[in-house]
Amino acid sequence: MNGCAAFILVTSLFVMNCGGMDLSIWQMLLWTLVSVIAAVGNAGVPMGCFFLTVSLLTGVGAPVEVMGMILPIYTIVDMVETAENVWSDSCVCAMTDKDLK
């Protein structure tokens, strides 16, 4: 979830900025909340975050054509997201194991 939430937030802000949409600090904070909630509801499917981000951006009228710049390198981004998710899950397991001993 951590990698997906980070991808949704950074990508959404990038696409909206490239599309000429000016965001206030409150809108950016709202997008932070939206990205966390969306990542929780995202299924663990390949490219799930990419398509979820496209659907969120379509909902606010952002130019989703900019996502075409991200698509060629998304495989690498997805590998980093997966590594981050596995690492954070491992940390939680280690902390839980320490607390239960």
Side-chain angles (χ1 to χ4, degrees):
M1 289 185 329
N2 298 336
C4 184
F7 176 79
I8 292 171
L9 178 64
V10 171
T11 304
S12 298
L13 295 178
F14 172 74
V15 169
M16 287 188 276
N17 190 24
C18 286
M21 299 175 77
D22 293 326
L23 298 172
S24 68
I25 190 70
W26 298 111
Q27 289 172 317
M28 289 182 198
L29 290 173
L30 180 64
W31 269 99
T32 303
L33 180 67
V34 167
S35 65
V36 169
I37 292 171
V40 169
N42 187 33
V45 296
M47 293 190 69
C49 291
F50 185 84
F51 293 117
L52 182 61
T53 304
V54 170
S55 67
L56 288 171
L57 290 171
T58 302
V60 295
V64 294
E65 298 83 22
V66 179
M67 293 291 285
M69 292 189 304
I70 299 167
L71 187 59
I73 61 165
Y74 184 72
T75 302
I76 297 167
V77 172
D78 194 34
M79 289 179 201
V80 173
E81 286 178 14
T82 302
E84 181 184 358
N85 290 339
V86 170
W87 179 75
S88 64
D89 290 347
S90 299
C91 289
V92 170
C93 288
M95 289 186 300
T96 303
D97 184 52
K98 183 180 177 185
D99 288 342
L100 292 176
K101 285 185 180 181

> Looking at C49 and N42, what are the two nearest heavy atoms and their distance?
Replying inline: SG-ND2, 3.3 Å
> Which pairs count as side chain to side chain donor-acceptor pair (under 3.5 Å) when at least one residue sits in residues 74-88, sequence neighbours excluded?
Replying inline: N2-S88
>> Are L71 and M79 linked, directly or through intermediate hydrophobic residues, by side-chain heavy-atom contacts shorter than 4.5 Å (ILVMFWY only)?
In response: no
> Counting distance only, does the side-chain N/O of S55 pair as donor-acceptor with the main-chain N or O of L52 below 3.5 Å?
Replying inline: yes
> So, do L29 and W26 sit near enough that their side-chain heavy atoms are less than 4.5 Å apart?
Replying inline: yes
> Shortest non-hydrogen contact from A38 to I8?
Replying inline: CB-CD1, 4.1 Å
> Measuring from L57:CG to T11:OG1, what's the distance to the nearest 0.5 Å?
Replying inline: 8.0 Å
>> Quick check on the hydrophobic clustering: are V36 and F51 connected, directly or via other members, by side-chain heavy-atom contacts under 4.5 Å?
In response: no
>> Just so I know, are the side chains of L56 and V34 near enough to count as touching, which here means a heavy-atom distance under 4.5 Å?
In response: yes
> Do any N or O atoms from the side chain of S12 and from the backbone of L9 form a donor-acceptor pair under 3.5 angstrom?
Replying inline: no
>> A side-chain contact here means heavy atoms from C-beta on lying under 4.5 Å apart; do F14 and M69 qualify?
In response: yes
>> Could you report the tightest heavy-atom contact between P63 and G19, atom names first, then the distance?
In response: CG-CA, 3.4 Å
>> Show the nearest heavy-atom pair for residues L23 and M28, with the distance to one decimal.
In response: O-CE, 3.7 Å
> Got more than 12 heavy atoms from elsewhere within 6.0 Å of CG, D99?
Replying inline: yes
> If you count the non-hydrogen atoms of other residues, nucleotides and ligands that lie under 6.0 Å from CG in L33, is the total more than 12?
Replying inline: yes
> How long is the span from the CE atom in M16 to the CD atom in Q27, to the nearest 0.5 Å?
Replying inline: 8.0 Å
> What distance do M95 atom CE and L100 atom CG have between them, rounded to the nearest 0.5 Å?
Replying inline: 12.0 Å
>> Quick check for you: to the nearest 0.5 Å, what is the distance between I25 atom CD1 and L30 atom CG?
In response: 12.0 Å
> What residues form a salt bridge (Lys or Arg N to Asp or Glu O under 4.0 Å) with D97, not counting sequence neighbours?
Replying inline: K101
>> Could you check whether any side-chain heavy atom of I70 comes within less than 4.5 Å of a side-chain heavy atom of F7, counting everything from C-beta outward?
In response: yes
